[in-house]
Amino acid sequence: MSVLNGVFDLPWWGYLLVTLGLTHVTIAAVTIFLHRHQAHRALELHPLPSHFFRFWLWLTTGMVTREWAAIHRKHHARCETEEDPHSPQTRGIWKVLLEGAELYRAEARNPDTLARFGYGTPDDWLERHVYRHNLLGILLMLGIDLLLFGPLGLSIWAVQMLWIPFWAAGVINGLGHFWGYRNFASGDASTNLLPWGILIGGEELHNNHHTFATSAKLSNRWYEFDIGWLYIRILAALGLARVKRVAPTPRLGQPRAQVDGQTLDALITHRYDLLARYGRSLAQAYRSELQKLQDRARFEGLKQALAGDGRALPGELRQRLDELLARAPSLATLYAMRQELTALWERSNASREQVLQQLQEWCRKAETSGVRQLQELSMRLRSYVLA
């Protein structure tokens, strides 16, 4: 085959596999280097993969490391507020889905964001004199694709250029805060899109990530798979990476007779596991109470309302929730005591002794409440142990 038509002559499925392979390398570079290594410092990378990822991202995305890390850190720090650079909760799902890349570029022009959140990112000669010229990188990638694949290289290059703006800037930043399932009651709207984190390198497990932002591993349940974590383990086995942090795995022992400082420390570590179980207990109690009501149709559809704290509910929904809680005392107790429990680690001005006393009182109330779900939750709280 002539060079004019490309170095490689492949069947149609060959070009498809090449395109998927090239874009997957880009995804791996984003999730391992930009996200877990640079933005969250969840792992350390050897200079060899680190420089490869920087070079590859320069070719295939034109993204600047400092800008990406700064914008992502600001997203976590200001999540779901007006200052969040790309929250669908404040900007609308279609805005983030269709214009996610534009939102990224707009925030990258904010010098305050870069100064405040861009610390610790590469600032060497390559970064200052090569990688900041992002147009040069993506044009070089265009030339390589045309040389290797001929006219079809233009299509491959176009897919490469659209891959991250669509999947990361649009789908993860958009749907990842709008639709999906939640393992943990994190303080934002993050969701897991799929339990199999392959196509987007593990970033599909977005609720897990927002709950344990500095974890190098994004999967949490036995049925979840994070291919980015697999690559990190391979790099670590080769001596090219070192994992610094992963999400804590809940460990249970015999329930403590007394709620003490160790109980408090274990609760703070495993609080998201307890809140997830609390949410399931609330849903179970809601279904049980609903069956007892003759006019239960009026109170259907309140499961999500029970999952929140009630502050942002529309008036009609708030009214129906209040009426349900007035007619179901055990559900009302379960609902109210969740707010008391979460307040324990949200009170930044309380001393450790005060928080411990409040935890002891919470457990006493739970175990004498006569509500089975509260009693079971208190026993689990007493059973947490630290590694």
Side-chain angles (χ1 to χ4, degrees), residues 23-40 53-123 127 131-139 141 157-179 188-191 193 199-204 206 209-210 213 218 228:
T23 52
H24 191 72
V25 175
T26 304
I27 286 290
V30 170
T31 189
I32 296 171
F33 174 73
L34 283 180
H35 193 191
R36 309 187 207 199
H37 170 54
Q38 284 292 309
H40 293 293
F53 286 141
R54 287 169 64 192
F55 176 69
W56 186 260
L57 289 167
W58 177 63
L59 290 176
T60 59
T61 69
M63 293 188 300
V64 178
T65 303
R66 183 175 181 230
E67 293 175 358
W68 197 98
I71 293 168
H72 187 72
R73 288 168 179 167
K74 184 174 183 178
H75 163 61
H76 277 265
R78 306 287 188 267
C79 197
E80 321 299 14
T81 69
E82 292 295 335
E83 294 183 67
D84 188 333
H86 44 63
S87 171
Q89 301 298 319
T90 58
R91 299 174 185 268
I93 182 62
W94 291 111
K95 177 74 173 179
V96 180
L97 268 177
L98 301 178
E99 300 179 38
E102 286 74 11
L103 293 174
Y104 169 88
R105 284 192 286 268
E107 192 63 36
R109 293 192 291 269
N110 185 343
D112 181 66
T113 296
L114 301 183
R116 188 167 185 177
F117 297 101
Y119 54 86
T121 52
D123 188 29
E127 199 71 27
Y131 295 146
R132 74 179 183 88
H133 299 292
N134 43 17
L135 182 60
L136 177 62
I138 60 179
L139 288 177
M141 187 75 250
W157 177 82
V159 173
Q160 287 181 281
M161 295 303 108
L162 291 172
W163 202 257
I164 293 301
F166 175 75
W167 286 111
V171 173
I172 295 298
N173 292 340
L175 291 182
H177 284 262
F178 191 81
W179 176 88
D188 50 55
S190 60
T191 59
L193 299 178
L199 186 63
I200 324 176
E203 299 294 328
E204 296 95 328
H206 204 56
H209 167 61
H210 266 263
L218 303 189

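Ile172 CD1 to Glu204 CD: the interatomic distance, rounded to the nearest 0.5 Å, is 5.5 Å. Considering CG of Leu199 and CD1 of Ile27, their distance stands at 7.0 Å, rounded to 0.5 Å. In this structure, CH2 on Trp68 lies 10.0 Å from CG on Leu57, to the nearest 0.5 angstrom. With rounding to the nearest 0.5 Å, the separation of CG in Leu59 from OH in Tyr131 is 8.0 Å. Between atom CG of residue Leu193 and atom CH2 of residue Trp167 there is a gap of 9.0 Å, rounded to the nearest 0.5 Å. Rounding to the nearest 0.5 Å places CD1 of Ile71 at 9.0 Å from CG of Asn110.
Nearest heavy atoms, Thr65 versus Pro122: CG2-CD, 3.6 Å. Across every non-hydrogen atom of Thr61 and Ile138, the tightest pair is C-CG2, 4.0 Å. The shortest heavy-atom contact between His206 and Thr191 is CB-O, 3.0 Å. Contact detail for Tyr119 and Arg73: the closest heavy-atom pair is O-NH1, 2.7 Å. The two atoms that bring Phe117 and Ala77 nearest to each other are CE2-CB, 3.9 Å, heavy atoms only. A pairwise comparison of heavy atoms in Leu98 and Glu102 identifies O-OE1, 4.2 Å as the closest pair.
Side-chain contact annotation: Thr121 with Gln38, donor-acceptor N/O pair under 3.5 Å absent. Of the N and O atoms on the side chains of Trp56 and Thr26, at least one donor lies less than 3.5 Å from an acceptor on the other residue. Side-chain contact check for Glu80 and Ser87: at least one donor-acceptor pair (N or O, by modelled atom type) lies under 3.5 Å.
Side-chain atoms of Arg66 come within 3.5 Å of backbone N or O of Leu114 as a donor-acceptor pair.
Counting only heavy atoms from C-beta outward, the side chains of Asp84 and Cys79 approach each other to under 4.5 Å.
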Next on the checklist: One pair to check against side-chain hydrogen bond (donor to acceptor under 3.5 Å, both in side chains): Glu107 and Thr113. What are the steps and the verdict?
Outcome noted: CA-CA 7 Å; Glu107 192 63 36; Thr113 296; 2.5 Å; yes
Item to check | Step-by-step ring pair (Phe, Tyr, Trp, His ring centres under 6.0 Å) determination, His133 to Trp58 | outcome: CA-CA 8 Å; His133 299 292; Trp58 177 63; 8.8 Å; no
Checklist entry - How far apart are the C-alpha atoms of Tyr104 and His86, what are their side-chain angles, what is the distance that settles it, and do they pass the side chain to side chain contact (heavy atoms under 4.5 Å, CB included) test? => result CA-CA 8 Å; Tyr104 169 88; His86 44 63; over 6 Å; no
Item to check | Audit row: Ile93, Leu175, side chain to side chain contact (heavy atoms under 4.5 Å, CB included) steps and yes/no | outcome: CA-CA 7 Å; Ile93 182 62; Leu175 291 182; 4.1 Å; yes
Item to check | Candidate pair Met63 and Glu67, rule side chain to side chain contact (heavy atoms under 4.5 Å, CB included), full reasoning | outcome: CA-CA 7 Å; Met63 293 188 300; Glu67 293 175 358; over 6 Å; no
Next on the checklist: The test is ring pair (Phe, Tyr, Trp, His ring centres under 6.0 Å); show your working for His177 and His75 and say whether it passes.
Outcome noted: CA-CA 12 Å; His177 284 262; His75 163 61; 4.9 Å; yes
Next on the checklist: Test side chain to side chain contact (heavy atoms under 4.5 Å, CB included) on Ile32 and His37; report intermediate values, then the result.
Outcome noted: CA-CA 6 Å; Ile32 296 171; His37 170 54; 5.6 Å; no
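Annotation: side chain to side chain donor-acceptor pair (under 3.5 Å) contacts involving residues 88-97, sequence neighbours excluded, comprise Lys95-Glu99.
Exactly one of Arg36, His76, Glu203 qualifies for a side-chain hydrogen bond (donor to acceptor under 3.5 Å, both in side chains) with His209. That residue is His76.
At a threshold of 4.0 Å, the pair Glu127-Arg132 does not count as salt-bridged, since none of the basic side-chain nitrogens sits closer than that to a carboxylate oxygen.
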